[in-house]
Protein chains: 2
Amino acid sequence: MIETGTEPESRAERKLRTRRAILDATLELCADSSLTALSLRQVAKQVGIVPTAFYRHFDSIESLGLALVEESFDSLRDLFRDVRRNARADQDIVDGSIDALVDHVHRRRDHFGFIARERVAGPRSVREAIHREIELCERELATDLALMTGTDIWTAKDLHVLSSLFVTVLVATAEQILSTTRPEQEAQIVATVRTQLRMLLVGVYQWRSEG
Amino acid sequence: MIETGTEPESRAERKLRTRRAILDATLELCADSSLTALSLRQVAKQVGIVPTAFYRHFDSIESLGLALVEESFDSLRDLFRDVRRNARADQDIVDGSIDALVDHVHRRRDHFGFIARERVAGPRSVREAIHREIELCERELATDLALMTGTDIWTAKDLHVLSSLFVTVLVATAEQILSTTRPEQEAQIVATVRTQLRMLLVGVYQWRSEG
DNA sequence: CCTTTCAGTGAACATCTGTACACCGACAAC
DNA sequence: GTTGTCGGTGTACAGATGTTCACTGAAAGG
C-alpha cells in the first residue's frame with residue numbers, strides 16, 4: 001500500500017520500506033503527547049496500511065518504542081562524535097560543543113524530542129532502555145574526559161560525576177531548544193548555556209579530587 | 001458517591017471533597033504514562049463517580065491538568081522555602097539544599113513526578129504553564145542569590161544564568177530520585193549531585209561578571 | 001413551606017480501540 | 001512450473017472512549 005513509482009523492489013526491501021514508514025509515522029504522531037497516548041490504529045492509518053498489518057513488523061507499540069530508542073540514540077551518538085571532533089579542532093571547546101548540539105537537535109528534532117519525552121513519560125520498558133543508553137553515554141564521555149584532563153588529579157569517580165553533569169546540562173538544553181521555535185529565544189538559550197558551561201569550567205580547572 | 005461515614009457536610013464541602021478526589025485519582029492514574037494518555041472515564045471510575053459528573057468540576061482533562069500544575073508548584077515552592085531556610089541555618093548550604101530536595105521529593109512524589117512528566121509530555125497548555133512556573137522559580141532564586149553573593153561583582157544576567165543552572169540540576173536530580181526505589185541507588189544519586197554542586201560552587205566563587 | 005440550585009445519575013450515541021480470523025497474491029525456492 | 005512463504009487485506013467483535021440529554025434528590029434560599 002506504499003506508493004512506489006520506482007523500479008520493483010524485492011520483498012525484503014519492501015518490508016524494510018514499510019518498517020521505516022511505521023517508524024517515521026510514529027515519530028511524527030507522538031511529536032506532541034507521548035507513545036503511551038498513541039494507538040496502533042493511528043499509526044496504521046498514517047502509514048497507509050490496515051491495522052492488522054502492523055503486527056507483521058512489531059507486536060506492540062511498546063516494542064516499536066524500543067526500536068525508536070535505538071535509532072534515536074544513534075542520532076545522539078552522532079552528536080557526541082561531532083562534539084569530540086570539535087573538541088580537537090581549533091574552536092573553543094564550549095562553543096564547538098554547543099554548535100554541534102544545536103545543529104544536531106535541529107536536524108533530528110524528532111529523535112531528540114522522542115528521547116526527551118519518553119525518558120519520563122514512555123512505557124516502563126522504554127524508559128528503562130533510555131536510562132541505560134544515557135548511562136552508556138555518560139561512561140563514554142567520562143573516558144573522553146579522562147584523556148583531556150589531567151587524569152592524575154581526577155579520580156574515575158569524579159570524572160563520571162562531571163560527565164553526568166555535562167550530560168544533564170546537555171539534555172536540559174536540548175529540551176529547551178526543542179520547546180521553542182522563535183530564533184531569538186533560541187539564541188538566548190544558547191547564550192545562557194554558554195555562560196553556564198564557562199562557569200562550570202572555572203570550577204573544573206580548580207578542582208582537585210580528594211582521596 | 002464518596003463514602004463519608006462522618007458528620008453531614010455542606011454542599012460546598014462535599015463538592016470540594018469530590019474535586020480533591022478527582023485530583024488525587026488523576027495523580028495516581030497518570031503516575032506512569034501521562035495526562036495525554038488518560039481518559040475521563042478512567043478518572044471517573046477511580047473516583048467512584050459516573051463519567052458525566054466529571055464535568056461538574058472540570059470541562060476537560062486539560063483544565064484538570066492546569067489545576068494540578070498549580071498545586072504541584074505549591075509543593076515545589078514549599079521546597080524552595082525550605083532550601084532558603086536551610087541556607088541561613090548552620091548547615092552546609094549544599095547538603096542542606098539536597099536534604100530538603102530529597103525530603104520534599106519523597107513526600108510529594110506525585111507532584112514532582114507530575115511536573116517532570118507533563119513538562120515534556122503533557123498537553124501543550126500544560127507544558128506552557130509549567131514552563132512559566134519554572135521561569136518564575138528561576139527569577140525568584142536569582143533574587144535570593146543576589147542577596148547571598150557579592151551582588152556588586154555579579155550582573156543580574158549572570159545571576160539568572162546561575163539560577164537557571166541550579167534549577168536544571170535540581171530538576172534533573174528530582175527526576176533521578178523519582179526513577180528509582182532502591183535506597184542505595186538514591187544514595188549514589190545524592191552523592192553525585194553533592195559533588196556536582198561543589199564543583200559548580202568552586203567556579204562560582206571564582207567567577208567575575210564581564211562588563 | 002415552597003422553590004431553586006446543582007452534584008451526581010443512567011441510558012444512549014457514534015466513534016475509536018486492540019486483536020482474531022480467513023483470505024489473497026506476488027515473490028522465492030525448488 | 002509447482003509450491004510455500006509472507007506482507008498486506010477485509011471483516012468482525014467486544015470493549016472503551018467523549019459527550020448529549022433528561023432525570024433525581026437533597027441542600028440552600030426565599
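Lettering follows sequence order; numbering is per chain, from 1. Not measured: the values here are computed from a predicted model.
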Are [X] and [Y] close enough for a salt bridge, meaning some N to O gap below 4.0 Å?
{"X": "B/Glu133", "Y": "B/Arg77", "value": "yes"}
{"X": "A/Arg139", "Y": "A/Asp144", "value": "no"}
{"X": "B/Glu175", "Y": "B/Arg117", "value": "no"}
{"X": "A/Arg194", "Y": "A/Asp99", "value": "no"}
{"X": "B/Arg17", "Y": "B/Glu9", "value": "yes"}
{"X": "A/Glu140", "Y": "A/Arg81", "value": "no"}

Spacing between A/Glu13 atom CD and D/dC6 atom C1', to the nearest angstrom: 16 Å
Whole-Å distance between D/dG8 P and A/Arg17 CZ? 10 Å
Chi angles and distances behind the side chain to side chain contact (heavy atoms under 4.5 Å, CB included) call for A/Phe73, A/Ile134: CA-CA 9 Å; A/Phe73 271 91; A/Ile134 286 184; 3.8 Å; yes
N/O contacts under 3.5 Å, protein versus nucleotides 13-17 of chain C?
| residue | atom | partner | partner atom | Å |
| --- | --- | --- | --- | --- |
| C/dT17 | OP1 | A/Ser39 | OG | 2.8 |
| C/dT17 | OP1 | A/Gln42 | NE2 | 3.2 |

For [X] against [Y], the heavy-atom pair lying closest together:
{"X": "B/Leu27", "Y": "B/Glu71", "answer": "CD1-OE2, 4.0 Å"}
{"X": "B/Ala121", "Y": "A/Ser34", "answer": "CB-CB, 4.4 Å"}
{"X": "B/Tyr55", "Y": "B/Leu40", "answer": "OH-CD1, 3.4 Å"}

Go through residues 54-68 of chain B and report each residue with a non-hydrogen atom lying under 4.0 Å from DNA chain C, sorted by number. B/Arg56, B/His57
What pairs with B/Arg85 under salt bridge (charged side-chain N to carboxylate O under 4.0 Å, His left out), at least two apart in sequence or on another chain? B/Asp82
If each of B/Ala12 and A/Lys15 is mapped to the nucleotide of DNA chain D with the nearest heavy atom, which maps nearer the 5' terminus, i.e. the 5' end? A/Lys15
Return the set of residues passing side-chain hydrogen bond (donor to acceptor under 3.5 Å, both in side chains) with B/Ser164 (not counting sequence neighbours), or none when no residue passes. A/Gln196
Rounding to 10°, can you tell me the angle the first-five-pair axis of the helix from C/dC1-D/dG30 to C/dC30-D/dG1 makes with its last-five-pair axis? 20°
Is there, by distance only and without an angle test, a donor paired with an acceptor across the side chain of B/Thr52 and the base of C/dG10 below 3.5 Å? yes
Can you give me the N/O atom pairs linking the protein to nucleotides 1-5 of chain C at distances under 3.5 Å, or say none if there are none?
| residue | atom | partner | partner atom | Å |
| --- | --- | --- | --- | --- |
| C/dT5 | O2 | B/Arg11 | NH1 | 3.1 |
| C/dT5 | O2 | B/Arg11 | NH2 | 2.8 |

Please check if atom CD in B/Glu184 has more than 12 non-hydrogen atoms from other residues, nucleotides or ligands closer than 6.0 Å. yes
